[in-house]
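Remarks on the structure that follows.
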Amino acid sequence: MTNTTDGDLLLKNITAQAPFPICFADLEKTVAEKIAAGPFGYIRSGAGGEQTLHNNRAAFKKYSIVPRFLNDVSNVDTSIHLFGKTYPTPLLFAPVGMNGMVHDEGELAVVRAAQHLNIPYIQSTVSTYALEEVAEAAPTATKWFQLYWSTNEAIAYSMAARAEAAGFEAIVLTIDTVMLGWREEDVRNQFSPLKLGYAKGNYMNDPVFTASLPDDSFESYVQGVLQNVFHPTLNWEHVRELKRRTNLPILLKGILHAEDARLAIDNGIDGIIVSNHGGRQLDGVIGSLDALPAIVETVNGQIPIILDSGVYRGMDALKALALGADAVAIGRPFVYGLALNGQQGVEKVMTNLYDELKVSIALAGVTSVKGLRNITLVKIDGTEDK
Ligand SMILES: Cc1cc2nc3c(=O)[nH]c(=O)nc-3n(C[C@H](O)[C@H](O)[C@H](O)COP(=O)(O)O)c2cc1C
Ligand SMILES: CCCCCCC(=O)C(=O)O
């Protein structure tokens, strides 16, 4: 990824071969035709009546930018700095569980793409491959570990310690999944990726987890994960205890309220991810972009803010950055890329997002990510998600 703005970034997508889907809608449609209804529904759907899934997209459409011109944009600097490192793009991979559902190489293919593109990768607790295997597949990638707190706290500490030992550079504690959302599509499809074994990686390689099982049967693994993965009593004391137990920076994923952002800072948290889990947890929740401005105001630059949920094109990323996010994380789009063409598919999706972002920054009359904070954004409420 270069920082020079080419005249025509789209040209490289015009090839003699069958085109790779260029936008999110094309990607989703192509994947729907390729994979079975169960895994497709699991990935695509939102909780409940999918109001939040809708809100996420609608939030981006409420904003329009007013560009400036005659401001040499031949060099656009898209780099960002996070936790002492510089990255070429303001994009991250959101943690997405059970990648083996759509591709045999699962998380290994994604982390290799992350390494190749120098984009931070957040590995889910519920991965098909173990964090040690992921670390070995891409030793120089920036890797963060997403933690689902376990009812058996020794398992949570064990996973955090394994991540630190394997070279992961941060812990992302997901706080919005203390129990699973009401996911009707999975009931319709009678689909559970857990029951197909796709979450074995980190659990079956964890000595504390395996020692807690009554036997080594598949059913014991399924029951063991179910008993441990959700933790309804999760509270700020757990966060403080995790801080005492790890040397790594901790980010909280799932912040939507400015007051929780303030509490995160008060409790020594190093970064937050403004997210509603891609609309997969509590339905009826505010779109994550709608939640951003109040959080940005409260955080006031004290810790990095990453936003996810509904960032499906470069222009979405631009709007989030303009509203004060330091970076954005991508979920479903990269999973669809993985389903279509493994590591290459993931790279293609992320590169297209990046290219659209870069051309959009230049066409807005801006030459850096930080410069986006000064652009004119007009908010128009009441738009439809079309
Ligand atoms: C199939 C799937 C699995 C997910 N698994 C996890 C997970 O294991 N841990 C987590 O914190 N978030 C998980 N998420 C949520 C993502 O990290 C992210 O918040 C969400 O996908 C962002 O929305 P987007 O898909 O609209 O980009 C998952 C999302 C999807 C689509
Ligand atoms: C193994 C049980 C499902 C874990 C939840 C994974 C997730 O965060 C999501 O599907 O969303």
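Ligands are counted one by one from 1 in listed order, and the atoms in each one are counted from 1 as well.
- For ligand 1, the atoms lying closer than 4.0 Å to a non-hydrogen atom of V126 are 8 (O).
- Annotation: Y42 places no N or O atom under 3.5 Å from an N or O atom of ligand 1; distance criterion only.
- The closest non-hydrogen atom to atom 11 (O) of ligand 1, taken over V274, T174, N276, comes from T174.
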| request: Go through the steps for K348 and N13 under the test side chain to side chain donor-acceptor pair (under 3.5 Å), then give the verdict. | output: CA-CA 10 Å; K348 186 69 184 146; N13 283 291; 2.7 Å; yes
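- Side-chain N/O atoms of T151 and Q227 include no donor and acceptor closer than 3.5 Å.
- Counting atoms of ligand 2 from 1 in the listed order, those under 4.0 Å from a heavy atom of R280 are 9 (C), 10 (O), 11 (O).
- Distance CG/N205 to CE/M159: 9.5 Å, rounded to 0.5 Å.
- Annotation: H116, atom NE2; neighbour count of heavy atoms from other residues, nucleotides and ligands within 6.0 Å does not exceed 12.
- In this structure, the protein non-hydrogen atom closest to atom 31 (C) of ligand 1 is R280 NH1, 3.4 Å.
- Across P95, S275, G310, heavy-atom proximity to atom 14 (N) of ligand 1 is greatest for P95.
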| message | I'd like to know whether H231 forms a side-chain contact (heavy atoms from CB on, under 4.5 Å) with V178, so could you lay out the CA-CA distance, the side-chain angles of the two residues, the decisive distance to 0.1 Å, and finally the verdict. | response | CA-CA 5 Å; H231 192 260; V178 293; 5.6 Å; no
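- Between T125, V222, V126, it is V126 that holds the heavy atom closest to atom 1 (C) of ligand 2.
- Nearest protein neighbour of atom 2 (C) of ligand 2, counting heavy atoms only, is F230 CZ, 4.0 Å.
- When non-hydrogen atoms are compared, ligand 2 lies under 4.0 Å from the side chain of H277 (C-beta onward) but not from its backbone.
- The distance from ligand 1 to the heavy atoms of Y312 drops below 4.0 Å at these ligand atoms: 24 (P), 25 (O), 26 (O), 27 (O).
- Proximity annotation for atom 23 (O) of ligand 1: of G97, S288, G278, G278 comes nearest, heavy atoms only.
- Looking only at heavy atoms of the protein, atom 15 (C) of ligand 1 is closest to H277 CD2, 3.5 Å.
- Sorted by first and then second residue, the salt bridge (Lys or Arg N to Asp or Glu O under 4.0 Å) pairs involving residues 133-162 (not counting sequence neighbours) are E132-R162, R162-D206.
- Counting heavy atoms closer than 4.0 Å to ligand 2, residue R183 contributes side-chain atoms (C-beta onward) but none from N, CA, C or O.
- Note on D326 versus R373: salt bridge recorded, some NZ/NE/NH1/NH2 to OD/OE distance being below 4.0 Å.
- For atom 10 (O) of ligand 2, the closest non-hydrogen atom on the protein side is Y42 OH, 2.4 Å.
- For the residue pair D77 / S79, a side-chain donor-acceptor distance below 3.5 Å is found, with atom types taken as modelled.
- Side-chain N/O atoms of D308 and S275 include a donor and acceptor closer than 3.5 Å.
- Ring geometry for Y336 versus F24: interplanar angle of 30 to 60°, hence tilted.
- Hydrophobic clustering (side-chain heavy atoms under 4.5 Å, transitive across Ile, Leu, Val, Met, Phe, Trp, Tyr) keeps W182 apart from F191.
- For ligand 1, the atoms sitting less than 4.0 Å from at least one non-hydrogen atom of S309 are 22 (C), 23 (O), 26 (O), numbered in the order shown with element in parentheses.
- With A94, G331, P193 as candidates, the residue nearest to atom 21 (O) of ligand 1 on a non-hydrogen basis is G331.
- If you check which protein heavy atom lies closest to atom 8 (O) of ligand 2, you get Y148 OH, 2.5 Å.
- Closest protein heavy atom to atom 19 (O) of ligand 1: D308 OD2, 2.8 Å.
- Using a non-hydrogen distance threshold of 4.0 Å, N56 does not register as a contact of ligand 1.
- Closest non-hydrogen pair, Q51 versus G284, comes out as OE1-CA, 3.4 Å.
- The shortest contact between atom 12 (N) of ligand 1 and any protein heavy atom is with K253 NZ, 3.0 Å.
- Atom 9 (N) of ligand 1 has as its closest protein heavy atom Y148 OH, 3.0 Å.
- Side-chain contact, Q343 with E347: a donor N or O sits under 3.5 Å from an acceptor N or O.
- Less than 4.0 angstrom separates some heavy atom of S124 from each of these atoms of ligand 1: 7 (C), 8 (O).
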